Number of protein chains: 2
Amino acid sequence: EDVVVSGVALDKNQAKIAVSDLPDKPGSAAKVFKALGDANVIVDMIVQNIGRGGAANLTFTVSKDDVHRAVEAVEKVLSEMGGGAANYVGDIAKVSIVGVGMRSHAGVAATLFSILADHEVNIQMISTSEIRISVAIDLADADKAAQAVHDGFELDQ
Amino acid sequence: EDVVVSGVALDKNQAKIAVSDLPDKPGSAAKVFKALGDANVIVDMIVQNIGRGGAANLTFTVSKDDVHRAVEAVEKVLSEMGGGAANYVGDIAKVSIVGVGMRSHAGVAATLFSILADHEVNIQMISTSEIRISVAIDLADADKAAQAVHDGFELDQ
Ligand SMILES: C[C@@H](O)[C@H](N)C(=O)O
Ligand SMILES: C[C@@H](O)[C@H](N)C(=O)O
């Protein structure tokens with residue numbers, strides 16, 4: 001597949017919440033997101049990586065207005081589950097490149113990550129799909145990063 | 001946005017590679033994926049979650065044929081970087097639900113996670129985008145999970 005990166009998207013209204021020491025067994029993630037759904041929290045990125053010793057960390061982002069409601073809803077369900085902690089980590093910006101054929105190219109990801117590295121932007125989260133690679137970065141780097149990615153992939157205005 | 005889950009996708013040909021203790025500073029991810037791109041490895045899911053104490057874990061999936069080439073390429077670049085380790089964790093299946101309006105609904109994610117929990121399927125990785133929620137699960141659970149998700153969202157044949 002030829003890769004065609006057709007655009008850059010930037011969302012500066014997100015906050016990152018980390019759920020740590022979640023029991024790594026069926027049902028845990030369902031309970032956390034049911035609590036968020038019931039609290040009418042709009043969730044954007046959901047990222048879970050490798051678990052260790054029976055516990056997993058799960059990170060998600062919400063719009064800044066929903067942070068306190070989200071943390072409250074998750075802490076309540078975690079105490080019912082008898083494990084884990086939820087923390088508001090900070091405000092992030094989500095920078096995404098969108099296009100076709102992204103999935104099969106480690107090279108496209110490497111290009112995006114190199115552009116960010118050249119501008120001293122640290123990557124906090126990564127989430128990919130067939131047509132999109134998204135990274136969470138410090139909110140303070142948002143505009144610089146979006147401009148650098150836009151120029152780096154030579155996208156039209 | 002109304003949520004319309006329009007389909008389930010299943011990929012049973014993936015292997016999971018975990019890169020741990022990656023220096024959590026600009027450039028690390030770029031080096032890892034440049035090495036994979038140079039080795040012509042096709043990467044599917046890339047997931048990075050929260051870092052701790054200056055080190056981050058990053059997980060990615062490749063087609064099973066590429067596992068050894070991928071681990072070799074990453075280990076080589078990690079030794080040049082002076083930190084981190086790469087491990088082939090095992091074979092996984094990727095189950096995805098696709099549709100519009102997914103992003104804003106913690107409820108859709110909760111439904112997917114609950115269906116998996118009801119069938120004793122443990123979630124190993126999660127990655128989301130605006131139109132897709134993907135989970136990595138044990139390869140042995142692939143067909144059971146895909147059928148359960150298909151039925152749970154009442155999708156047509
Ligand atoms: C951590 C969480 O994802 C758990 N493995 C579950 O299946 O719900
Ligand atoms: C861990 C890795 O993502 C690092 N933070 C980077 O920016 O490359």
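In what follows, chains are A, B, ... by sequence order, proteins preceding strands, each numbered from 1. Keep in mind that what you see is a predicted model, and the values were worked out from it rather than measured.
Linking ILVMFWY side-chain heavy atoms closer than 4.5 Å, directly or via other members, places A:I92 and A:V67 in two distinct hydrophobic clusters. Linking Ile, Leu, Val, Met, Phe, Trp and Tyr residues whenever their side-chain heavy atoms come within less than 4.5 Å leaves A:V98 and A:V95 in two separate clusters. Residues A:V71 and A:V43 fall within the same hydrophobic cluster, defined by Ile, Leu, Val, Met, Phe, Trp and Tyr side chains chained together at heavy-atom separations under 4.5 Å. Linking ILVMFWY residues whenever their side-chain heavy atoms come closer than 4.5 Å, directly or via other members, leaves B:V135 and B:L139 in distinct clusters.
Between chain A and the options B:K34, B:K31, B:E120, B:R132, heavy-atom pairs under 4.5 Å are most frequent for B:R132. In terms of non-hydrogen atom pairs under 4.5 Å with chain B, the most contact-rich of A:L36, A:I123, A:I133, A:I115 is A:I123. In terms of heavy-atom pairs under 4.5 angstrom with chain B, the leader among A:R52, A:K16, A:H119 is A:R52. With respect to chain A, the highest number of heavy-atom pairs below 4.5 Å among B:A18, B:A56, B:S114, B:A136 belongs to B:S114. Interface summary for chain A: among B:T111, B:V121, B:L116, the most heavy-atom pairs under 4.5 angstrom belong to B:V121. Residue with the most contacts toward chain A among B:S20, B:P26, B:A110, B:G27: B:P26 (heavy-atom pairs, distance under 4.5 Å). Across B:V62, B:L112, B:I46, the residue that shares the most heavy-atom pairs under 4.5 angstrom with chain A is B:I46. Per-residue counts of heavy-atom pairs under 4.5 Å with chain B were compared for A:G37, A:A30, A:A117, A:A29; the largest is that of A:A30.
Residue A:E154 places its CD atom among 12 or fewer non-hydrogen atoms of other residues, nucleotides or ligands, all under 6.0 Å distant. Within a 6.0 Å sphere centred on NZ of A:K76, other residues, nucleotides and ligands contribute 12 heavy atoms or fewer.
In this structure, B:I126 and A:L58 have side chains that are in contact, with non-hydrogen atoms separated by less than 4.5 Å.
With a 4.5 Å cut-off on non-hydrogen atoms, B:V89 touches chain A through its side chain but not through its backbone. Residue contact with chain B, scored on non-hydrogen atoms closer than 4.5 Å, is absent for A:S134. Neither the backbone nor the side chain of A:N40 has a heavy atom closer than 4.5 Å to any heavy atom of chain B.
The minimum heavy-atom distance linking B:Q48 with A:Q124 is given by the pair NE2-O, 3.3 Å. Across A:E130 and B:D44, no two heavy atoms sit closer than the pair OE2-OD2, 4.4 Å.
A distance-only check finds a donor-acceptor pair linking the side chain of B:S127 to the backbone of A:T128 [under 3.5 Å].
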